Number of protein chains: 2
Amino acid sequence: MEPLSSREKILEVAEARFAQRGYAGVGLRELASQAGLGKSSLFHHFPSKATLYLAVLDRVLLRLEERLRVAWASPGDVATRLDQSIDALVDGLAEQPTTARLLLRALFEDDALPAENTPEARSVDARIALLVGSLEGLIREGTEAGAFRAVSAAHTLQTLIGATVYYFASGAFGEGVMGEPLFSAEAVRQRKAEVKNLIRFGLHRPTQPPLEEDQR
Amino acid sequence: MEPLSSREKILEVAEARFAQRGYAGVGLRELASQAGLGKSSLFHHFPSKATLYLAVLDRVLLRLEERLRVAWASPGDVATRLDQSIDALVDGLAEQPTTARLLLRALFEDDALPAENTPEARSVDARIALLVGSLEGLIREGTEAGAFRAVSAAHTLQTLIGATVYYFASGAFGEGVMGEPLFSAEAVRQRKAEVKNLIRFGLHRPTQPPLEEDQR
DNA sequence: GTCTATACTACGATAGAC
DNA sequence: GTCTATCGTAGTATAGAC
């Protein structure tokens, strides 16, 4: 295993710090020292705090994108591809606890960033648009084909984001609610099953048998 | 209409600023001047930034609590009381756009607050525990009575929080997804219907007729 | 109850030596 | 590519006059 380059080390530390404290809550001194550098050396790799932040976001979105591309390329029917997208999304968010927090925080920190219309910001926006558009298209395809109820694709997508991104971003509060760690392999497996079943069958008593994973 | 006292004015401005920028992103200079005061005068009303923040949170949670108490006192069956709780929660979150953002941000900013174990922090924790516990109890009651599928109450509660708190906190991103403002009376009405129907029936084609509001 | 003045620390960012 | 030194600003908080 090669040691990380300075740039990679900075990105790694910055991802952890931004996820935990948010953009405004992170100081570059602290960040630099955790990366084993002086503060000024940061500016050799990234011209500003905002650029560094966007680079972190971009990397995280790319990781998710790669996982979801596999699900979208699946030959199955719409319901199957939606299930596989949920699996991929949950796996991607569960891979690193920083991911969901970073993404959820990013939704709030748009106006705090002094970096609109930079190339970095446009790359991040494009990745988000791709993810959102693909998932929404999948839901819409299902309703138009008659496989799903006549739900609003946008509303359903938002609920799905809440059920996944919010869930894995919920931190100590979420662990308190769940009564166990959010990121254990078993907990992640169960989250996938619960979300897929709720999406399929809703809360009320089933008229079809639930998925096998939900048997308890 | 009486003019606001300084304390009330500060709370109002602070709620807006903390919702928009987060705890670390708000400066007390800026906050004070928006409230029409000098920076130092803040400290006459609140001994520290953390105390002010917790006072804001407490007020927001109290508003929600009052709405939900009505739903919990309803004489209906479990499914009805859950529907009414969702209505009350959505109405409470939609009443002021700051509410959902503040609550969602609060989940992340626990460790950034230098104010654990103060009376203010304990009050906030108690209010959250009441809200969470009551909603979870309602779901559990439904599964035990056989009205709901054998879902995990904790998982379902988290999904419900995502579908409501995250939704109304999603800001510009959410409006982009929805293609319209989140807080218009019509949009709020539709969100209630979509969430209740998804909770009831799931996404797949209904074997029972959907609620009347979902007819499109 | 609000003000001015001030203390001390940290912030993001830059200049320039090595 | 990393460092020290420095700039100007803003951060929370306190003291004390009015």
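Letters A, B, ... mirror the listed sequences (proteins, then strands); counts begin at 1. These numbers come from a predicted model, not from an experiment.
The minimum heavy-atom distance between Ala153(B) and Ile139(B), with the atom names listed, is CA-CG2, 3.8 Å.
Of the listed residues (Arg101(B), Arg63(B), Arg105(B)), just one forms a salt bridge (Lys or Arg N to Asp or Glu O under 4.0 Å) with Glu15(B), and that residue is Arg63(B). A side chain to side chain contact (heavy atoms under 4.5 Å, CB included) with Phe168(A) is found for one member of Thr99(A), Val188(A), Leu103(A), Leu104(A) and no other, namely Val188(A). Of the candidates Lys196(A), Lys192(A), Arg200(A), Arg200(A) is the only one forming a salt bridge (Lys or Arg N to Asp or Glu O under 4.0 Å) with Asp83(A).
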Show me the donor-acceptor pairs within less than 3.5 Å that the side chains of residues 169-181 of chain B make with the rest of the protein, sequence neighbours left out.
from: Ser170(B); atom 1: OG; to: Gln158(A); atom 2: NE2; distance (Å): 3.0
from: Ser170(B); atom 1: OG; to: Tyr167(B); atom 2: O; distance (Å): 2.7
from: Glu175(B); atom 1: OE2; to: Leu182(B); atom 2: N; distance (Å): 3.3

Please table the atom pairs, donor to acceptor, closer than 3.5 Å between any side-chain atom in residues 64-75 of chain B and protein atoms at least two apart or in another chain.
from: Glu65(B); atom 1: OE1; to: Arg127(B); atom 2: NH1; distance (Å): 3.2
from: Ser74(B); atom 1: OG; to: Gly76(B); atom 2: N; distance (Å): 3.2
from: Ser74(B); atom 1: OG; to: Gln84(B); atom 2: OE1; distance (Å): 2.7

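Interface residues of residues 8-27 of chain A facing DNA chain C, ordered by number: Val26(A), Gly27(A); criterion, heavy-atom separation under 4.0 Å. A heavy-atom distance below 4.0 Å to DNA chain C is reached by these residues of residues 30-53 of chain A, ordered by number: Ser40(A), Phe43(A), Ser48(A), Lys49(A). Using a 4.0 Å cutoff on non-hydrogen atoms, no part of residues 112-125 of chain B comes near DNA chain C.
From Thr51(A), atom OG1 reaches atom CG of Leu42(A) across 12.0 Å, with rounding to the nearest 0.5 Å. Here NE2 of His44(A) is found 10.5 Å from CG of Leu37(A). Values are rounded to the nearest 0.5 Å.
No salt bridge links Glu194(A) with Arg191(A); every basic N to acidic carboxylate O contact stays at or beyond 4.0 Å.
Using a 4.0 Å cutoff to heavy atoms of chain A, the contacted part of DNA chain D runs 5' to 3' from dG1(D) to dA5(D).
Thr156(B) is not listed as a side-chain neighbour of Thr143(B), based on a closest heavy-atom distance of 4.5 Å or more.
Aromatic rings from Phe46(B) and Tyr53(B) are positioned such that their centres are separated by 6.0 Å or more.
Under a 3.5 Å cut-off, the side chain of Ser33(B) and the backbone N or O of Glu30(B) do form a donor-acceptor pair.
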